[in-house]
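Everything on this sheet refers to the single structure shown next.
The analysis underlying the following values was restricted to heavy atoms, covering all of them including side chains, and did not include hydrogens, waters or symmetry mates. Just follow the structure's listing: the first ligand is 1, and inside any ligand the first atom is 1.
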Amino acid sequence: MATADVLKPDFASHRRHFIFTDEHEQLRESIRRFVVKELQPHAEEWEETTFPDWVFTRMGELGFLGLDKPEEYGGQGGDYYTSLVLAEEMAHAHCGGLAMGVAVQTDMAMPPILAFGTDEQKQQWARPAIEGKAILAIGITEPDAGSDVAGIKTRAIKDGDEYVINGSKTYITNGHRAHAIVLVTKTDPDAGHGGITLFLVPMDTPGVIREKRLKKLGMHASDTALLAFQDVRVPESAVLGQIGKGFYHISWELQGERLIGAAGAVAGAQHVFDRTLQYAKERQAFGRAIGHFQVIRHKFAEMATKIETARQMVYTTAWRFQNGEYPVREITMAKLYSARIAVEVADECIQIHGGAGYMQEYGIERSWRDLRLNRIGAGTDEIMLDVIGRSYGL
Ligand SMILES: Cc1cc2nc3c(=O)[nH]c(=O)nc-3n(C[C@H](O)[C@H](O)[C@H](O)COP(=O)(O)OP(=O)(O)OC[C@H]3O[C@@H](n4cnc5c(N)ncnc54)[C@H](O)[C@@H]3O)c2cc1C
């Protein structure tokens with residue numbers, strides 16, 4: 001700088017992060033327009049009814065379900081950051097259950113099909129899923145095993161050129177509406193981690209029973225199922241990936257799920273922060289806007305710092321992932337930290353709203369209930385801590 005101009009902080013500047021290009025920003029704008037115009041107005045209604053299947057059809061038509069998926073199967077062939085943009089923009093629907101249902105489709109069930117599936121499986125399930133014509137679910141958790149994936153009991157036994165599957169899965173997102181499920185089973189109960197195999201099971205196969213629609217604390221717009229598998233016969237071609245490699249396939253899947261979950265948690269935290277900031281500027285007490293009390297101002301400062309830290313962790317980790325690394329430790333840290341701060345932020349936003357924060361009509365308590373899942377789903381805080389700790393050889 002040639003002259004000694006006085007530098008003033010420019011708090012209003014919004015320089016985009018270096019991982020994003022003009023194309024990403026255009027994509028962001030078009031997703032935001034769609035989300036705000038076509039999804040967000042239904043958020044209240046879908047809390048009662050769960051979101052309708054046409055959301056998948058519409059998002060498929062718009063190309064939003066295959067942003068980073070191969071063009072060969074109908075995707076847009078974009079980089080990993082495009083799916084990050086989708087996860088961030090879905091927060092503007094103010095409907096956590098909707099964002100989760102879509103993320104299960106795009107970032108949880110679809111990736112293992114594309115990574116480990118045969119061309120036939122990809123044509124049969126990934127292509128229609130990208131087009132929004134098929135809905136997918138992923139079944140890992142069981143009534144007796146969640147964190148302990150190797151402890152699952154669902155059995156797949158070879159019988160001639162078929163497999164017979166028996167067992168149950170619980171808390172399955174999209175479980176009531178799905179056309180197919182990526183199912184984690186045990187093919188060899190004595191082989192530990194090496195005895196797990198994935199199957200791609202059409203949900204209309206005889207013996208697949210959608211037992212119960214589960215009621216939950218938040219994420220009301222999503223459907224969550226208890227599923228039973230009773231003598232479900234599938235051909236050998238339903239095996240997804242390699243026999244006995246299912247644990248490793250699903251561990252890989254969980255990395256993508258966690259990073260996208262972290263991005264969604266940060267965006268959710270930012271969304272509830274923005275709404276609360278607006279409220280704090282308008283709500284008056286003792287003759288001034290409540291945001292002008294130092295104690296409230298500091299709450300915003302703390303929240304903003306945490307959100308920004310989490311966002312930087314997500315972006316840096318995504319950058320490493322996009323550039324060919326497999327940064328499991330950092331993904332785990334980003335998931336842990338983003339989930340925690342999202343819940344802290346939502347909780348503080350309820351406090352700043354006072355009684356209004358506790359009332360349904362303001363939607364802040366909904367953010368808290370929805371965001372709370374982040375500390376449990378896709379691996380609990382405790383499991384994240386264990387993964388991080390073990391990564392240091394402990
Ligand atoms: C709304 C919702 C949607 C979901 N969607 C899906 C889905 O689509 N597909 C799917 O497969 N699953 C889904 N899940 C399941 C979710 O991933 C599991 O709930 C989660 O992994 C935890 O498993 P668990 O509930 O069995 O808890 P548990 O494993 O029983 O854990 C109970 C407690 O023990 C702690 N704990 C367990 N093991 C350890 C350990 N080694 N060290 C320290 N603490 C430990 C946990 O951290 C937790 O606090 C969903 C869950 C919810 C609530």
Return yes when at least one protein heavy atom is under 4.0 Å from atom 33 (C) of ligand 1, and no when none is. no
Which of the atoms in ligand 1, numbered in the order shown and given with their element, are less than 4.0 Å from a heavy-atom of Ile383? 38 (N), 39 (C), 40 (C), 41 (N)
Can you sort out which atoms of ligand 1 are near Ala378, meaning under 4.0 Å from one of its heavy atoms? 17 (O)
Angle class for the His42/Trp46 ring planes (parallel below 30°, perpendicular above 60°, tilted otherwise)? parallel
How far is atom 28 (P) of ligand 1 from its nearest protein heavy atom, and which residue and atom name does that atom have? Ser147 OG, 3.6 Å
Students often mix this up, so state it plainly: with edges at 30° and 60°, are the rings of Phe293 and Phe286 parallel, tilted or perpendicular? perpendicular
Contacting atoms of ligand 1, where contact means under 4.0 angstrom from a heavy atom of Thr380: 22 (C), 46 (C), 47 (O)
Does the side chain of Gln351 come under 3.5 Å of the side chain of Asp347 through a donor N or O and an acceptor N or O? no
Side-chain donor or acceptor of Lys186 paired with backbone N/O of Ala150 under 3.5 Å: yes
Given the protein's heavy atoms, is any one of them under 4.0 Å from atom 37 (C) of ligand 1? yes
Could you check atom 13 (C) of ligand 1 against the protein and tell me its nearest heavy-atom contact, residue, atom and distance included? Tyr171 O, 3.2 Å
Heavy-atom contacts with Ile140 under 4.0 Å: which atoms of ligand 1 show up? List them by number with element. 10 (C), 11 (O)
To which of Asp370, Asp386, Leu254, Thr141 does the heavy atom nearest atom 12 (N) of ligand 1 belong? Thr141
Any non-hydrogen protein atom below 4.0 Å of atom 44 (N) of ligand 1? yes
Check: Gly66 main-chain N/O paired with Glu131 side-chain donor or acceptor under 3.5 Å: no
Tell me whether Gln322 contacts the main-chain N or O of Tyr80 through its side chain, where contact means a donor paired with an acceptor under 3.5 Å. yes
Assess Leu373 for proximity to ligand 1: is some non-hydrogen atom of it under 4.0 Å away? yes
Give the residue, atom name and distance (to 0.1 Å) of the protein heavy atom nearest atom 3 (C) of ligand 1. Thr173 OG1, 3.4 Å
Taking the ring of Phe273 and the ring of Phe300, is the distance between their centroids below 6.0 Å? yes
Heavy-atom distance from atom 5 (N) of ligand 1 to the protein below 4.0 Å? yes
Please tell me whether Gln278 and Glu282 have a donor and an acceptor in their side chains that are separated by less than 3.5 angstrom. yes
Looking only at side-chain N and O atoms, does Glu330 offer a donor or acceptor that is under 3.5 Å from a partner on Thr316? no
